[in-house]
Number of protein chains: 2
Amino acid sequence: MATAARPAPLDRAAWIRGAFAIVADDGFDGLRVEALAKRLKVTKGSFYWHFKDRDDLFAAVLSEWRDSRIADIRKQTAAQPGQELAALHHTIDVYAAARNRKGIAIEAGFRLWARQDAATAAVVEEVDAERLACTCRLFRVLGLGETEAAARSVLLYAYVFGYSMMQCGRFAMDAAAVKDWIGRQIATG
Amino acid sequence: MATAARPAPLDRAAWIRGAFAIVADDGFDGLRVEALAKRLKVTKGSFYWHFKDRDDLFAAVLSEWRDSRIADIRKQTAAQPGQELAALHHTIDVYAAARNRKGIAIEAGFRLWARQDAATAAVVEEVDAERLACTCRLFRVLGLGETEAAARSVLLYAYVFGYSMMQCGRFAMDAAAVKDWIGRQIATG
DNA sequence: AGCAACCCATACGGTATCGTATGGAGTCTG
DNA sequence: CAGACTCCATACGATACCGTATGGGTTGCT
């Protein structure tokens with residue numbers, strides 16, 4: 001049967017996945033309807049079947065980002081009793097990892113966009129609140145007070161985001177030792 | 001004398017100032033030739049007199065940003081002997097200030113753009129190296145070792161950048177106490 | 001087979017923006 | 001005053017993108 005392998009029909013989820021891929025590669029500027037369609041090897045006609053317009057896609061991408069980020073932080077900070085400190089260091093390592101640069105580009109894109117769009121700002125705020133709450137809980141289990149747990153949580157995320165946006169290539173330092181020192185400073189054993 | 005107050009002719013510097021204003025308000029996306037001309041109450045014809053093309057403007061903006069950021073960090077970290085710790089806390093306060101959000105939008109824009117443009121990446125790297133060197137020098141004067149001085153410098157900038165990109169509004173915390181705790185953690189007295 | 005629902009291609013009008021071409025008003029200079 | 005130089009307006013072609021209109025091919029169901 002020479003069924004010429006018709007490509008599987010796309011659904012909304014596939015379009016959203018493609019949108020994330022474009023944002024990761026080219027930034028939010030590259031997220032154009034026709035460019036996305038080309039990447040998925042179809043035409044605009046298909047896009048406007050699945051989405052009302054470009055804003056509809058944006059909203060879907062934003063919603064997907066929200067859900068995936070909240071699910072991810074809950075997973076990363078889910079610690080067995082007695083393993084809270086290890087979970088914190090694990091979270092720092094994962095989020096500050098060099099391989100996470102695409103994710104950081106998406107983060108930064110959303111946060112810049114949030115400056116101009118209230119709905120996006122609300123989602124970013126929600127994600128940040130959840131992340132802070134997750135690590136704050138771990139710090140509190142470790143016996144820290146309210147303020148110090150909150151402060152360490154804020155420092156943790158500010159560090160991982162900020163570090164990912166820096167270009168330290170020209171600054172002479174022992175990167176491993178520096179990251180190690182910072183990790184201990186944020187989550188003390 | 002009814003000299004009808006002809007507007008002063010623009011020069012390159014005025015265009016670059018306008019470009020920064022647009023980037024701060026609308027992000028890099030808003031930095032279009034015609035929009036910028038409209039803001040300066042002239043037409044494109046003027047723009048293409050002062051600049052070869054859009055990339056020429058971008059390059060000029062990038063160069064101006066580089067120079068101003070390097071001059072600024074040198075000014076902020078210029079400490080009288082014995083005042084190094086105060087200078088560090090001053091730097092943290094200035095860069096992490098809420099009123100600095102426009103500057104942060106520009107920072108983030110350049111750093112995202114740097115992901116796609118090697119020249120921009122080189123400038124960001126240069127600025128970061130200078131900033132790290134400036135604070136690193138202060139930490140070393142305070143008697144810290146090489147690695148710890150480098151680590152505290154990295155943590156300092158990662159924190160101020162990262163914190164500016166977070167939306168902590170929904171996270172219940174004593175913001176002042178948290179910032180105070182973090183400041184002490186980065187630059188210990 | 002017939003019909004409906006799903007998925008997509010094509011063609012079109014409309015807008016925004018880039019860069020160029022060209023001319024003109026004002027100013028400076030010999 | 002004549003010409004050169006500076007700075008800007010206007011008009012134009014070209015491109016990229018949005019969203020719509022419309023039709024066609026597939027699949028599943030009856």
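Each chain gets a letter, A, B and so on, in the order the sequences are listed, and its residues count up from 1. Values in this document were obtained by computation on a predicted structure and should not be read as measured data.
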Under a 4.0 Å N-O cut-off, is there an ion pair linking B:D174 with B:K179? no

Side chain to side chain donor-acceptor pair (under 3.5 Å) between B:D72 and B:Y95, worked out: CA-CA 11 Å; B:D72 191 73; B:Y95 280 80; 2.8 Å; yes

Salt bridge check, A:E34 against A:K38: does any charged N sit closer than 4.0 Å to a carboxylate O? no

A:A60 to A:I16 - nearest heavy-atom pair and separation: CB-CD1, 3.7 Å

Whole angstroms only, please: what is the CZ-P distance between A:R12 and C:dC8? 14 Å

Letter per nucleotide, 5' to 3', of nucleotides 13-19 of chain C [B base touched, S only sugar-phosphate touched, - untouched; heavy atoms, 4.0 Å]: ----BBB

Can you tell me if the side-chain N/O atoms of B:H50 get under 4.0 Å from OP1 or OP2 in D:dT6? no

Contact summary for B:R74 and B:C134, nearest pair of heavy atoms: CG-SG, 4.1 Å

Spacing between B:D11 atom CG and D:dC7 atom P, to the nearest angstrom: 8 Å

Measuring to OP1 and OP2 of C:dC7, would you say a side-chain N or O of A:W49 lies under 4.0 angstrom away? yes

Over how many whole Å does the gap from B:F51 atom CZ to D:dC8 atom C1' extend? 15 Å

Quickly work out the A:K38 NZ to D:dC18 P distance and round it to whole Å. 14 Å

Inspect the surroundings of CD in B:Q116 and state if more than 12 heavy atoms from other residues, nucleotides or ligands are less than 6.0 Å away. yes

How long is the line joining CZ of A:F58 and C1' of D:dC18, in whole Å? 12 Å

